[in-house]
Amino acid sequence: MTPLHIATPLLEHRTLSAALNKRVLLKMENTQPSGSFKLRGIGLMCQRAVAQGASHLVCPSGGNAGFATAVAGVALGVRTTILVPQTTPLTVRRQIADLGATVIVHGEVWDSTNLEARRLADQAGTIYIPPFDHPDIWEGHATLVDEALRQSRALGLEIDVVVCSVGGGGLMSGILQGLHQHGLTRLPLIAVETEGAASLRAAIDAGELVTLPAITSIASTLGAKRVAAEAFGWTQRHDVRSVLVSDAQAIDAARRFANDQRVLVEPACGAALAVAYDNLPQLAGFQCPLIVVCGGIGVDLKMLAQ
Ligand SMILES: *Cc1c(COP(=O)(O)O)cnc(C)c1O
């Protein structure tokens with residue numbers, strides 16, 4: 001099966017490299033046809049489901065997971081229904097609908113949207129696509145590591161730490177799976193959350209999975225109240241370093257990135273970039289960090305200016 005995602009560029013951030021005296025590498029997942037890395041995992045899951053006879057994809061997400069599912073559905077030629085909560089902006093609903101997916105607005109919060117998606121998916125030929133919690137999704141996300149290692153080695157560089165943002169932990173789980181497949185079981189991973197969306201940190205502190213009472217960060221893409229058990233499990237068997245940044249740091253990094261690289265990314269992605277832009281102490285001692293530029297469609301010039 002030809003994957004639905006593309007191989008993305010690996011770029012060096014020259015100004016950050018010079019400022020930090022490191023080689024700062026960027027995996028440009030914002031260039032995926034879905035605007036974020038999510039097409040890697042969700043694309044693989046949808047592809048497998050359709051190969052096994054599914055003719056209808058259902059995904060509860062007013063964000064990048066819904067968008068990636070819609071892109072996958074079009075590519076695979078199957079009916080796609082994206083359920084979004086009432087809080088999802090009209091522009092996002094239209095973007096998803098313009099791809100050819102059916103958009104259903106249901107519920108005030110994601111939890112109730114999700115229940116409706118589960119109900120809809122309870123029909124023959126229909127598959128429920130979760131935003132982050134499925135082995136196919138981790139397997140698809142792991143392809144990012146295959147590429148990044150090949151690309152960095154072609155430049156004669158050895159990545160010594162990976163930096164990524166964490167919502168429900170699907171991206172992180174995929175990256176760690178990829179690292180382990182390549183024998184890099186000791187390569188540290190810096191897992192970045194914003195302060196109002198820190199469900200991974202809460203689980204690490206508690207020593208068990210925790211459900212946050214609420215999400216208070218502007219980085220709504222990182223707003224999973226509870227991480228996947230897989231992601232928490234990884235923190236117990238890999239060197240995962242949890243870092244929290246403020247919304248202001250995430251937004252500022254996204255703004256600086258737009259200016260430096262002429263690329264717009266969500267605050268969810270700015271969170272990971274902030275580790276380098278603010279030269280956080282967790283980066284000390286590393287020579288060649290790989291920052292996953294996870295991207296995101298929920299941003300425009302006006303939003304970044306506000
Ligand atoms: C989904 C997403 C994340 C978080 O990924 P998880 O797998 O939920 O941890 C971060 N940034 C962007 C742009 C995303 O779309």
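As the structure lists them, so they are numbered: ligands from 1, and atoms in each ligand from 1. Treat the numbers as computed from the prediction; the structure is a model and nothing was measured.
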Among residues two or more places apart or on two chains, list those pairs meeting ring pair (Phe, Tyr, Trp, His ring centres under 6.0 Å) that have a residue in residues 57-115. none

T221, N30, L264, I251 screened by side-chain contact (heavy atoms from CB on, under 4.5 Å) with V299, the one that passes: L264

With a 4.0 angstrom cut-off on heavy atoms, strictly below it, pick out the residues next to ligand 1 and order them by chain and number. S36, F37, K38, N64, F132, S165, V166, G167, G168, G169, G170, L171, T221, L222, A268, C294, G295, G296

Please tabulate, one pair per line, all N/O donor-acceptor pairs under 3.5 Å involving side-chain atoms of residues 92-100, not counting sequence neighbours.
{"residue": "R93", "atom": "NE", "partner": "T88", "partner atom": "O", "Å": "3.0"}
{"residue": "R93", "atom": "NH2", "partner": "Q86", "partner atom": "O", "Å": "3.1"}
{"residue": "R93", "atom": "NH2", "partner": "T88", "partner atom": "O", "Å": "3.2"}

Side-chain polar contacts of residues 124-131 - donor-acceptor pairs under 3.5 angstrom, sequence neighbours left out - could you list them?
{"residue": "T126", "atom": "OG1", "partner": "H56", "partner atom": "ND1", "Å": "3.4"}
{"residue": "Y128", "atom": "OH", "partner": "N114", "partner atom": "OD1", "Å": "2.5"}

Are the side chain of K38 and the backbone N or O of G63 linked by a donor-acceptor pair below 3.5 Å? no

Taking T31 for its side chain and T8 for its backbone only, find out whether a donor-acceptor pair lies under 3.5 Å. no

